[in-house]
Amino acid sequence: MDLTRARSPQETAEYLAEQMLGKATNRWGRMFVLAVAAGVMIGLGFAFYITTQQGAAGAPWIGEAKFLGGVAFSVGLILVVLTGMDLFTSTTMTLVPLTRKQISPGRFAGHWAVVYGGNFLGGLALAACLVGAGTYMQGGGAWGVAAIQTAMAKVSHTWPQAFLLGMFCNVMVCLAVVLAYAGRTVTDKILGIVGPIALFVATGFEHSVANMFLIPAARLITEVAGPQFWESVPALAADLTKADAQSTLTAPAFFFDNLLPVTLGNIVGGGIFVGLFMWFVHVKMADDAVARQ
């Protein structure tokens with residue numbers, strides 16, 4: 001294997017299809033463990049993002065802060081890809097083996113359900129651990145304020161907005177995975193991931209698995225944070241109150257105003273516009289052209 005040459009688009013599309021088939025046909029128990037770990041890793045990436053956003057609201061360098069946050073968040077996907085974990089947003093591309101009739105509809109649906117549930121469990125577990133560790137008090141409470149404000153913004157989108165933001169997010173996430181698959185070395189893969197992920201995060205696109213960590217974490221902060229935290233809030237965000245945060249970060253708002261439309265958008269963006277597109281253009285159309293000769 002020539003490590004100095006990246007895979008061609010056709011080779012990458014074929015490798016992508018091979019990898020997606022492998023993920024979809026994994027043993028159920030192993031699939032679930034890989035999914036839980038992926039949820040934790042993406043949550044850690046978002047925690048890193050929040051760390052970079054402490055005190056950034058309203059700053060004149062907000063664009064630069066968002067870019068830095070996007071680069072920080074990319075660590076989550078780098079960890080997922082390089083350790084072989086199973087993340088729902090990239091798992092949407094198992095539409096390829098389904099379309100090629102390499103897996104049954106039941107296997108396909110089961111894979112999605114196991115990975116989605118595992119990612120959710122991993123995100124929730126990390127949220128509980130980081131809040132329990134008092135991470136929200138970093139920067140005199142600035143970490144917790146940034147987390148709460150970010151989560152409140154995420155549940156404020158309309159359904160069409162959340163869907164489209166989810167769609168564009170997973171176009172970039174799955175393109176990052178495609179670029180990582182095109183690379184032959186660890187350096188290639190890392191560089192391929194950082195750019196698309198920084199773009200989606202800095203622009204404010206919506207990632208379902210990241211939100212499985214952030215929004216529960218923000219709500220949990222509002223429940224367990226003591227007077228020391230809430231007394232520090234006015235100096236950091238004068239318009240943020242505990243009552244407003246709790247009335248905004250409700251379970252219905254999380255599930256129906258954010259997670260559901262974002263997940264649907266992630267499926268369309270990653271599964272159709274990247275996974276099926278790459279396979280159709282670089283594999284099926286190429287095979288059809290050869291067959292006509």
Side-chain angles (χ1 to χ4, degrees), residues 6-7 12 16 19-20 23 34-35 37-53 56 62-93 115 119 122-123 126 146-147 150-151 153-154 162 164-215 217 258 262-263 265-275 277-278:
R7 291 184 176 89
T12 302
L16 173 68
Q19 292 299 305
M20 291 302 110
K23 287 180 179 295
L34 293 174
V40 172
M41 291 174 183
I42 289 298
L44 288 171
F46 214 142
F48 194 6
Y49 166 84
I50 293 297
T51 300
T52 69
Q53 303 306 294
I62 186 65
E64 291 84 350
K66 292 295 184 183
F67 170 75
L68 178 61
V71 173
F73 182 87
S74 70
V75 172
L77 188 63
I78 290 169
L79 292 173
V80 168
V81 171
L82 295 186
T83 59
M85 300 300 112
D86 208 344
L87 182 66
F88 177 76
T89 44
S90 55
T91 288
T92 59
M93 293 189 289
V115 172
N119 288 172
L126 179 66
T150 304
K154 288 181 175 296
L164 290 171
L165 291 170
M167 183 183 74
F168 284 117
C169 163
N170 214 27
V171 168
M172 301 316 301
V173 170
C174 289
L175 284 176
V177 172
V178 168
L179 293 181
Y181 284 170
R184 303 277 190 178
T185 69
V186 170
T187 302
D188 293 340
K189 295 177 186 299
I190 291 174
L191 292 177
I193 290 170
V194 171
I197 300 306
L199 187 159
F200 110 65
V201 175
T203 311
F205 298 155
E206 293 284 338
H207 190 285
S208 58
V209 180
N211 293 349
M212 293 172 184
F213 159 75
L214 176 70
I215 299 175
N258 181 272
V262 168
T263 298
N266 287 169
I267 291 169
V268 172
I272 297 174
F273 290 156
V274 179
F277 177 81
M278 286 289 295

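Just so we're clear, the structure is a prediction, and the values are computed from it rather than from any experiment.
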Just by distance, do the side chain of Asp86 and the backbone of Leu34 share a donor-acceptor pair under 3.5 Å?
->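 The answer is no, because no donor-acceptor pair under 3.5 Å joins these two groups.
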Indicate yes or no for a side-chain donor-acceptor contact from Lys23 to the backbone of Met85 under 3.5 Å, with no hydrogens or angles considered.
->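 Flag set: sc Lys23 to bb Met85 pair under 3.5 Å.
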State which residues pass side chain to side chain donor-acceptor pair (under 3.5 Å) with Asn119; sequence neighbours excluded, sorted by chain then number.
->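 Counting only residues at least two positions away or on another chain, Asn119 forms no side chain to side chain donor-acceptor pair (under 3.5 Å).
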Would you please name every residue forming a side chain to side chain donor-acceptor pair (under 3.5 Å) with Ser90, sequence neighbours left out?
->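 Side chain to side chain donor-acceptor pair (under 3.5 Å) list for Ser90, sorted by chain: empty.
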Let me confirm one number: the [atom1]-[atom2] distance from [X] to [Y], rounded to the nearest 0.5 Å.
X	Y	atom1	atom2	answer
Leu165	Asn258	CG	CG	9.5 Å
Leu214	Thr150	CG	OG1	6.0 Å
Phe277	Leu175	CZ	CG	9.5 Å
Leu77	Leu82	CG	CG	9.0 Å
Leu87	Leu79	CG	CG	11.5 Å
Thr203	Phe67	OG1	CZ	11.0 Å

Smallest separation among heavy atoms of [X] and [Y], with atom names:
X	Y	answer
Ala202	Lys66	CB-O, 3.6 Å
Val209	Gly39	CG1-CA, 4.2 Å
Lys154	Phe205	NZ-O, 4.3 Å
Leu44	Leu126	N-CD2, 3.2 Å
Arg7	Tyr181	NH1-O, 2.5 Å
Gly192	Pro196	O-CD, 3.2 Å

[X] vs [Y] side-chain heavy atoms within contact, under 4.5 Å:
X	Y	value
Val71	Thr52	no
Leu16	Gln19	no
Leu179	Leu191	no
Phe73	Phe46	yes

Tell me which donor-acceptor pairs under 3.5 Å the side chains of residues 266-275 have, and how far apart each pair is, sequence neighbours excluded?
{"residue": "Asn266", "atom": "OD1", "partner": "Ser208", "partner atom": "N", "Å": "3.0"}
{"residue": "Asn266", "atom": "OD1", "partner": "Ser208", "partner atom": "OG", "Å": "2.8"}
{"residue": "Asn266", "atom": "ND2", "partner": "Gly166", "partner atom": "O", "Å": "2.7"}
{"residue": "Asn266", "atom": "ND2", "partner": "Glu206", "partner atom": "O", "Å": "3.2"}
{"residue": "Asn266", "atom": "ND2", "partner": "Val262", "partner atom": "O", "Å": "3.4"}

Pair Ile197-Ile78, side-chain contact (heavy atoms from CB on, under 4.5 Å): steps then yes or no = CA-CA 10 Å; Ile197 300 306; Ile78 290 169; over 6 Å; no
Please work out whether the ring planes of His207 and Phe200 are parallel, tilted or perpendicular, with thresholds of 30° and 60°.
->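 It falls in the parallel class, under 30°.
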